[in-house]
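Below: the structure, in structure tokens.
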Amino acid sequence: DVKGVIAKLGAQAGQQMNKAQARALNRTAEQLRTEAGREIRSVYNVTLRGVRQASKITRARTNTKFAFAELSFRGRPINLVEFGARAVNPWNIANRRRKQGGGVSVQVRRAGGRKLIAGAFLATIKTGQNAGKLGVFRRTGASRYPIRFLPSLSLPVMAERRAISAALLKFAGQKFP
């Protein structure tokens, strides 16, 4: 009996309801972050730690007229080495009669197995925020240089995938109707 409880609380009913609503929204946002990690990891071969670091929750406050909580993702494209990049020599490729060059194999999605990036190679990144780490590169011309760093998807792009965003909207609707 909500009306009876509101009548008993009197003037403080509005404040108490705002507080309860903000707490419920914040709890739902935390649960949504966990579910987002599950959904993204069910499709892509990423770590839960990476998903949590890329997500940000704007918590609901009680002093606003309309309380809201927001889950957002930010981040740069993930290094392909994070997807288990392995150098593949040309003689290790099945049904290869002559050496045509190997590449690097990665598994970005959980389903579908490893994909070969032909002509790519692993090297240490010299500059930038990932300096000193391993990266996947490909030559842009016939000569030795220049080479180009090959990034993959970012977590915001993964979260925007139609199936994942639909599942998260459905989950949020069930938890906070």
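- Side chain of Arg114 to backbone of Gly84: a donor-acceptor contact under 3.5 angstrom is found.
- The backbone N or O of Phe121 sits nowhere less than 3.5 Å from a side-chain atom of Arg138 that would complete a donor-acceptor pair.
- No donor-acceptor distance shorter than 3.5 angstrom exists from the side chain of Thr62 to the backbone of Asn18, with no hydrogens or angles considered.
- Rounding to the nearest 0.5 Å gives a distance of 14.5 Å between CE of Met158 and CD of Glu39.
- Few gaps surround CZ on Arg110; more than 12 heavy atoms of other groups in view lie less than 6.0 Å from it.
- The number of heavy-atom neighbours closer than 6.0 Å to CZ of Arg61, taken from other residues, nucleotides and ligands shown, is 12 or below.
- A salt bridge links Arg38 with Glu35: the distance from a Lys NZ or Arg NE/NH1/NH2 to an Asp or Glu carboxylate oxygen falls below 4.0 Å.
- Looking at Asn26, its side chain never comes within 3.5 Å of a backbone N or O of Arg59 through a donor-acceptor pair.
- When each of Leu71, Thr28, Val51 is checked for a side chain to side chain contact (heavy atoms under 4.5 Å, CB included) with Arg33, only Leu71 meets the rule.
- Between the side chains of Arg76 and Ser154, not a single donor N or O lies within less than 3.5 Å of an accepting N or O.
- Looking at Asn45, its side chain does come within 3.5 Å of a backbone N or O of Gln107 through a donor-acceptor pair.
- You'll find the side chain of Leu80 stays beyond 4.5 Å of the side chain of Val104, heavy atoms only.
- Here the side chain of Arg139 pairs no donor or acceptor atom with the backbone of Tyr145 at under 3.5 angstrom.
- Put simply, the side chain of Ile117 reaches to within 4.5 Å of the side chain of Val106, judged on heavy atoms.
- Using a distance-only test at 3.5 Å, with no hydrogens or angles considered, a donor-acceptor pair links the side chain of Asn79 to the main chain of Leu134.
- Using a 4.5 Å heavy-atom threshold, the side chains of Val46 and Phe83 count as touching.
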